[in-house]
J.: 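This is the structure I have questions about; it appears just below.
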There are 2 protein chains.
Amino acid sequence: MSELTTNRLSVYLRCLNALEDAGVRTISSQALAEQFHLNAAQIRKDLAYFGEFGVRGVGYYVRDLEAPPAADSRPRSQAARRRSWAPATSGLALADYPGFRQEGFEISALFDNAAARRSASSRAAACRSTTSTTSKKIARRDGISIAVIAVPAPSAQHVVNLVVAAGIKAVLNFSPGTLQVPPDVKLKSVDLTVSLESLSFFLAQGDGEDR
Amino acid sequence: MSELTTNRLSVYLRCLNALEDAGVRTISSQALAEQFHLNAAQIRKDLAYFGEFGVRGVGYYVRDLEAPPAADSRPRSQAARRRSWAPATSGLALADYPGFRQEGFEISALFDNAAARRSASSRAAACRSTTSTTSKKIARRDGISIAVIAVPAPSAQHVVNLVVAAGIKAVLNFSPGTLQVPPDVKLKSVDLTVSLESLSFFLAQGDGEDR
DNA sequence: TTTTGTGAACTAGTTCACAGCT
DNA sequence: AGCTGTGAACTAGTTCACAAAA
């Protein structure tokens, strides 16, 4: 199952949860496709990874997501498991992003080497300095399994080395530039600058076109 | 030229700028490929969009990026143009992300409806309340062309409508959920929750595997 | 009849492999 | 020799189109 597929599934599942809260009982692949500007066949193929849990002529029963028939990879058990992984973040800016907690991720530790930023308050967690001994201890104690890196580029590699040494196997990185990790560690980088540049590029093309 | 390609180019160009500052004169596609864990042919194909500015037997002259031979789409002119688009952001958390300013993007206006957050300080800009009249005026005056949305999901669509009404044609969205924009507006969404879930998913698979 | 599930067709993206410069 | 630029081969991802189920 490709990463593109799992990303889309995350989006569908969140939407389906919202629909259930709104009292909607069934939804068709066509309706979902319009919502997400995707092809209906794409949605059906994606959802089919969970087994055949659509109903022909009707659509998908929204509540099947909560107690689905299939075995191991069913969405709810995924969601339940996910809740048990608390991420740790370095860098203050992202700690209070409301989406994390809403979706069941809780920031359970926070590290930053700049004392000035450390003293600034965060609703999520107290902020500690990054030293290998303390971070390792905290990662163990709190069952942290994902690290979120949000420090300036020059110190990012150092911080990654630290969390890897603490036994973390998954890293979400917001700092620009390349990071090296061992092959058993999953690194996912989100480069905000690249996102902005991609929009700039779109604007540049649009301005240049004759219409 | 696909968006995947432009995104990779952003990354290469930043790296090449860093290399120039470090005094490196030439670099081969092979060396870049190792840096970014990509295929060398991929890098060559990507850079070839700027015309043939590699040198066979040598590699790429790093400074050719600063004053390249080709016409309109040369990297530097792109970069120069990009600097003239100041983004506006809504939601405090991201305004002080250091990467934006470093790469020539300057947050020039900041809106948030929660008075509590508005009174909290930001290095980037004073924070104003979101009302259609003020935002339109400010967007015009400061030549803002990109909006960054970082407000909770329920108010996101409202804020997008506002910036679209103010004439913004490119939106970078960090709020979860779907947003509707008119076809002439480019919307790019970065869903941090999906990124985290994708890592969770990786961990779930890794734990389940027998080795 | 409506809508799923899915093989087949198609499209986009990547890698190979080698001719052609320097 | 070394390394780019690129057509050809390959791989991944998407959409079509239709049989089968409710």
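Heavy-atom basis, side chains included; hydrogens, waters and symmetry copies ignored. Within every chain, numbering begins at 1; the chains are lettered A, B, ... in the order of the sequence lines, protein sequences first and strands thereafter.
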J.: Below 3.5 Å, does any donor atom in the side chain of Lys45(A) face an acceptor in the base of dT6(C), or the other way round?
T.: no

J.: Rounded to the nearest angstrom, tell me the gap between atom NE2 in His37(A) and atom P in dT14(D).
T.: 17 Å

J.: Can you tell me if the side-chain N/O atoms of Tyr60(A) get under 4.0 Å from OP1 or OP2 in dG5(C)?
T.: yes

J.: Without decimals, in angstroms, what is the distance between Tyr61(A) OH and dA22(D) C1'?
T.: 9 Å

J.: State which residue, out of Leu38(A), Ile27(A), Asn17(A), fulfils the side-chain contact (heavy atoms from CB on, under 4.5 Å) condition with Tyr12(A).
T.: Leu38(A)

J.: For salt bridge (charged side-chain N to carboxylate O under 4.0 Å, His left out), just list the numbers for Glu3(B) and Lys188(B), CA-CA rounded to whole Å, side-chain angles, deciding distance to a tenth of an Å, and then say yes or no.
T.: CA-CA 11 Å; Glu3(B) 185 154 331; Lys188(B) 184 160 180 118; 2.6 Å; yes

J.: From OH of Tyr49(B) over to C1' of dG13(C), roughly how many Å is that when rounded to an integer?
T.: 10 Å

J.: Measure CD/Gln42(A) against P/dA12(C) and give the value in whole Å, please.
T.: 14 Å

J.: I would like to know whether Asp64(A) and Arg25(A) meet salt bridge (charged side-chain N to carboxylate O under 4.0 Å, His left out); could you show each step before the answer?
T.: CA-CA 10 Å; Asp64(A) 279 2; Arg25(A) 300 179 95 94; over 6 Å; no

J.: Taking only side-chain N and O atoms of Arg44(A), does any of them lie within less than 4.0 angstrom of OP1 or OP2 on dG7(C)?
T.: no

J.: Counting distance alone, no hydrogens or angles: does the base of dT4(D) have a donor or acceptor under 3.5 Å from a partner atom on the side chain of Arg56(B)?
T.: yes

J.: Compare the minimum distances between each of dG13(D), dT15(D), dT14(C) and the side chain of Leu4(A), then state the nucleotide with the smallest one.
T.: dG13(D)

J.: Measure from the side-chain heavy atoms of Ala41(A) and tell me the nearest of dT14(C), dT14(D), dC16(D).
T.: dC16(D)

J.: Over all strands shown, is Ser29(A) touching base, sugar-phosphate only, or nothing at heavy-atom distances under 4.0 angstrom?
T.: sugar-phosphate

J.: Could you check whether Thr5(A) gets within reach of a base, just the sugar-phosphate, or nothing at all, counting any heavy atom under 4.0 Å?
T.: nothing

J.: Less than 3.5 Å apart, any donor N or O on the side chain of Ser2(A) or Thr5(A) sitting next to an acceptor on the other?
T.: yes

J.: Measure the distance from CZ on Phe53(B) to P on dT22(C) and round it to the nearest whole Å.
T.: 16 Å

